[in-house]
Amino acid sequence: MKTENDNSTKNNSTPIAKKPKKMPVWAKVLVIIAGVFVSLIVVAIIFAATKLPGVANDSRENAEAFVANVKRGDYDRIYDSMIDEAKEQQSKERLAELAGVLKIDESCADSMDLKGVESGSGGSFATYAGKITCDNVEYSIVLVMQKQGDVYKVRSFQFS
């Protein structure tokens with residue numbers, strides 16, 4: 001006869017704790033790659049936020065000085081503000097001819113905007129684009145500045 005205290009007949013239905021499933025290796029690798037990618041983006045944003053305003057300010061001063069010198073007809077300063085490679089392509093006389101053809105003087109209004117900044121193996125570059133307006137004639141200007149030593153100098157310019 002069976003008694004109530006007989007352990008052999010009792011139904012033990014306590015659930016056994018299951019081990020959590022392990023994350024597959026490919027998923028772990030994917031998480032690590034995503035973390036590295038996000039870290040690189042954060043570093044790039046911090047770099048851009050701290051370095052690029054300085055580049056823009058330094059190069060802007062020299063870009064504005066270049067345009068002011070063009071308007072004044074100060075070809076010596078224009079020539080001095082250019083990097084050596086640009087000087088090989090332009091002479092002071094050629095700069096004077098260009099300014100004479102364009103008829104740019106101090107009465108002309110100008111505006112320049114920073115279009116881009118980049119750094120590479122050739123150094124730091126800043127590109128400006130703008131307009132110079134003289135007697136209702138509007139000239140477009142593109143000016144590329146390159147850091148040479150501690151100063152940004154004119155690498156190339158184009159009037160149209």
Please evaluate residues V137 and Y139 with respect to the criterion side chain to side chain contact (heavy atoms under 4.5 Å, CB included), reporting the C-alpha separation (whole Å), side-chain torsions for both, the decisive distance (0.1 Å), and the verdict.
CA-CA 7 Å; V137 176; Y139 302 100; 3.7 Å; yes
Should [X] and [Y] be counted in the same cluster of Ile, Leu, Val, Met, Phe, Trp and Tyr side chains packed under 4.5 Å apart?
X    : Y    : value
I33  : V25  : yes
M145 : V151 : no
F37  : I45  : yes

Out of curiosity, [X] [atom1] to [Y] [atom2], how far, rounded to the nearest 0.5 Å?
X    : Y    : atom1 : atom2 : value
D113 : R60  : CG    : CZ    : 6.5 Å
Q146 : S59  : CD    : OG    : 12.0 Å
R155 : K147 : CZ    : NZ    : 16.0 Å
N69  : Y75  : CG    : OH    : 11.0 Å
D80  : K153 : CG    : NZ    : 7.0 Å

Taking only residues two or more places apart in sequence, or in another chain, which ones meet E106 in a salt bridge (charged side-chain N to carboxylate O under 4.0 Å, His left out)?
none
Close side-chain approach of [X] and [Y], heavy atoms under 4.5 Å:
X    : Y    : result
R77  : R72  : yes
Q90  : M82  : yes
K131 : S140 : yes
T133 : D110 : no
V154 : I83  : no
L143 : F66  : yes
F157 : V70  : no
Y128 : V67  : no

Shortest non-hydrogen separation from C108 to I132 and the atoms involved
CB-CG2, 3.8 Å
Is K87 close enough and on-axis enough to Y79, meaning under 6.0 Å and within 45°, for cation-pi?
yes
In terms of heavy-atom contacts, does CG of D84 have more than 12 from other residues, nucleotides or ligands at under 6.0 Å?
yes
In plain terms, say whether D105 and K71 are close enough for a salt bridge, that is, a side-chain N and a carboxylate O under 4.0 Å apart.
no
So, the side chain of N62 versus the backbone of Y152: is there a donor-acceptor pair under 3.5 Å, distance only?
yes
